[in-house]
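Read through the structure below, which is laid out as structure tokens, and then see the notes.
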Amino acid sequence: MKLQAVRGFKDWLPEEAIKYQYLIELARRELKLANFQEIKIPVLEKTELFVRSIGEVTDIVQKETYTFEDRNKELLTLRPEATAGICRMVIEHGLYMRPKPLKFFFVGPMFRHERPQKGRLREFFQIDVEFMGNLTPYYEVELLELALKILKKPLSQDKDPFTLEINSLGCPACRPAFREYLLQALEKEKERLCETCKERLSRNPLRILDCKKEQCKEVVRGLRAISEFWCKECKGHFEAIKSLLEERKILYVINPYLVRGLDYYVRTIFEIKGEGLGAQDTVCAGGRYDFLIKELGGPELPATGFAIGLERWALCIFGEKDLPEHLSEELKPNAVLIPLGEEAKLRGLSLINDLRDKGIKISAFFEDRSLKAMLREADKLGASFVLILGEEELKEDKIVLKDMKRGTQEKLFINELFERLSGTSQ
RNA sequence: GAGGCCGUAGCUCAACGGUAGAGCACCGGGCUGUGGCCCCGGGUGUUGCGGGUUCGAGUCCCGUCGGCCUCCCCA
């Protein structure tokens, strides 16, 4: 059996890595401008954290986590999402005592044991953004706008492959009534539901709302909407969000059947869907989790957040197309040094260091191959310039600078090199 | 976790149940101080893996691993 990567775990070849780096950098810049602070949480947490946060009966916890025993018999889980870990961090280090709102972001891999397909991996990267503090609709809209801004950043202005869907799940004051209603109403229609939805009835009836089966959709269409059950506060809150979104000219769709797979959400939840992704089209999703921190043993601290799926985002932006030129350029050296002979190699070793200190991206060939062969290699690497340092040049403290695009070359003093190369750096 | 399609060289793909091939890439040479173009030469392979049927399997059957699609679920 050939050695291969674990199913659903992907290598990033340079051409892939450069795309992800580029997107992460764009997001990072935007988040820092909004004064979000980058943090890091562990890949591994105690299983209990996810059971208590995401919910014991959710699909994620029941069948999608990588959970195993440590050597000391403790149950550990590879994080399937970042919010729980960040809440734990906030509680453990008393960060809730810092000036609020707390604004954090984190970029890293998440793990879910699902059947892989396009846009769905077992190890996937999220850009996770969390916002904790007294929440007014202004903060929520600020965050929604930020999410959309980040997603659209790498696209030209006329392109917008993203749609924002929002809904409100109500709060502990009003959601139980809707849940009760759902249970009663669906119990009567039980026979018309699909098998999975019959099971959901006892476990997580809200999830039946976004079942994709036509038979279930029909049943769901006959139900009263969740909005009819919102309490006065939730209703007002949602109205405020809507009017602010309109004020900001942010297009949105109200999806009354939008629910989430994680138990901790209350009130506003949202998904941003992208084009060209197939069945896995949610690029970004999030919502409010006002009581999670308290439930995990911290103070009452309302919060909201979202996560961008990096690989899905990249599919939206780059599709199946070739690497854009500005990124393929980044994989190329500005110059390649070809020293000929032992003495030249020694001189070359110090020269490349000096040039790198001055910000020139340079690679060197120290092999005993023909000049021809090494020039060919330099060409394949896409080097703009080649520096040839042979014995003749060395005697005069000079070097040959060859412009690979023009095919011209000149001999100049080594100490003139930096000046000649510095303007040409990409 | 359920169903469907697929798996041949590094890549894209051919090969009726009868000797595993092409293009690109790669390696060597033409050309030991000058790249791209060109010419010559090289197939680089456990046909994903393991069984079975057959005189004979890349091809048919079963299992398994992996990919894609749908479901499930979600980023």
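In the text below, chain A, chain B and the rest are named by the order of the sequence lines, each starting its count at 1. Both backbone and side-chain heavy atoms feed into the values below; hydrogens, waters and symmetry mates do not.
A:Glu392 comes within 4.0 angstrom of a nucleotide base, judged by non-hydrogen atoms across all strands. Backbone-only engagement by A:Gly8 is indicated by non-hydrogen atom pairs under 4.0 Å involving sugar-phosphate atoms exclusively. Heavy atoms of A:Glu123 sit nowhere under 4.0 angstrom from any nucleic acid atom. Using a 4.0 Å heavy-atom criterion, one finds that A:Glu271 contacts no nucleic acid atom at all. Among the protein residues, A:Ala378 comes within range of no part of the nucleic acid, since none of its heavy atoms lies under 4.0 Å from any strand. Counting any heavy atom pair closer than 4.0 Å across all strands shown, A:Ile388 reaches a base atom.
Contact detail for A:Pro302 and A:Arg288: the closest heavy-atom pair is CB-NH2, 4.2 Å. Taking each heavy atom of A:Glu391 and A:Gly341 in turn, the nearest pair found is OE2-CA, 4.5 Å. What you find for A:Pro80 and A:Thr65 is that their closest heavy atoms are CG-CG2, 4.0 Å. Here the shortest heavy-atom pairing between A:Leu23 and A:Pro154 reads CD2-CG, 3.7 Å. Considering all non-hydrogen atoms of both residues, A:Ser168 and A:Trp230 come closest at O-NE1, 3.2 Å.
Nucleotides B:U44 and B:U8 are separated by 14 Å at their C1' atoms, to the nearest Å. A gap of 25 Å separates the P atoms of B:G51 and B:C16, to the nearest Å. Straight-line distance between the C1' atoms of B:U54 and B:G10: roughly 34 Å, to the nearest whole Å. Using P as the reference atom, B:C11 and B:U47 are 15 Å apart when rounded to the nearest Å. Atom name P, nucleotides B:U64 and B:A2: the rounded distance is 10 Å, in whole Å. Here the separation of B:G4 from B:G18, taken at their C1' atoms, is 32 Å to the nearest Å. Look at the C1' atom in both B:G29 and B:C68: the space between them is 43 Å, to the nearest Å. B:G43 sits 43 Å from B:G1 when the C1' atoms are compared, rounded to a whole Å.
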Query raised in the report: Given A:Lys273 and A:Glu165, is the salt bridge (charged side-chain N to carboxylate O under 4.0 Å, His left out) satisfied, shown in steps?
Result: CA-CA 8 Å; A:Lys273 297 190 171 164; A:Glu165 292 188 4; 3.6 Å; yes

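Aromatic pair A:Phe131/A:Tyr139: centroids less than 6.0 angstrom apart.
Look at CD1 on A:Ile269: it is 15 Å from C1' on B:A75, rounded to the nearest Å. Rounding to whole angstrom units, CG of residue A:Leu401 and P of B:G35 are separated by 17 Å. Rounding to whole angstrom units, CZ of residue A:Phe270 and P of B:A75 are separated by 11 Å. Protein atom CD1 of A:Ile338 is 11 Å distant from nucleotide atom P of B:G35, rounded to whole Å. Counting to the nearest Å, the P atom of B:A75 and the OH atom of A:Tyr20 are 17 Å from each other. A straight line from CD of A:Glu311 to C1' of B:C74 spans 13 Å, rounded to a whole angstrom. Computed from coordinates, the A:Ile24 CD1 to B:A75 P distance equals 18 Å when rounded to whole Å. Atom pair A:Leu340:CG and B:U34:C1' shows a separation of 10 Å (rounding to whole Å applied).
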Query raised in the report: How does RNA chain B look in dot-bracket notation if pairs are Watson-Crick or G-U with both distances under 3.5 Å, crossing ones as [ ], other-strand ones as |?
Result: (((((((..((((....[..))))((((((.......))))).)...(((((..]....))))))))))))....

Please list each protein N or O that sits under 3.5 Å from an N or O in nucleotides 36-42 of chain B, with the distance.
unit_1: B:G36; atom_1: O4'; unit_2: A:Asp379; atom_2: OD2; d: 3.2

Can you tabulate the close N/O pairs, meaning under 3.5 Å, that link protein atoms to atoms of nucleotides 68-70 of chain B?
unit_1: B:C69; atom_1: OP2; unit_2: A:Lys118; atom_2: N; d: 2.3
unit_1: B:U70; atom_1: OP1; unit_2: A:Ala279; atom_2: N; d: 3.4
unit_1: B:U70; atom_1: OP2; unit_2: A:Gln117; atom_2: NE2; d: 3.1

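Counting only heavy atoms from C-beta outward, the side chains of A:Lys10 and A:Glu123 never approach each other to under 4.5 Å.
Distance from the side chain of A:Leu375 is smallest to B:U34 among B:G33, B:U34, B:A75. Counting only heavy atoms from C-beta on, A:Lys380 has its side chain closest to B:C27 among B:G33, B:C27, B:A75.
For the OP1/OP2 pair of B:U34 and a distance below 4.0 Å, the side-chain nitrogens and oxygens of A:Arg369 include no atom meeting the criterion.
Using bins of under 30°, 30° to 60° and over 60° for the plane-to-plane angle, the ring pair A:Tyr66/A:Phe9 lands in the perpendicular bin.
Distance CZ/A:Phe106 to CD/A:Glu38: 8.5 Å, rounded to 0.5 Å. With values rounded to the nearest 0.5 angstrom, A:Trp12 atom CH2 is found 11.5 Å from A:Lys19 atom NZ.
Projected onto RNA chain B by closest heavy-atom contact, A:Val259 and A:Glu391 fall at different nucleotides, the more 5' of which corresponds to A:Glu391. Along RNA chain B, the nucleotide nearest A:His113 and the nucleotide nearest A:Asp281 are compared for position; the residue whose nucleotide lies closer to the 5' end is A:His113.
In this structure, the side chain of A:Thr282 does not engage the main chain of A:Cys284 through any donor-acceptor pair within 3.5 Å.
A:Glu140 and A:Thr304 share no donor-acceptor pair across their side chains, judged by distance under 3.5 Å alone.
Here A:Phe125 does not count as stacked on B:A75, because the ring centres are not under 5.5 angstrom apart with planes under 30°.
Under the 4.0 Å criterion applied to side-chain N and carboxylate O atoms, A:Lys398 and A:Glu392 are not assigned as salt-bridge partners.
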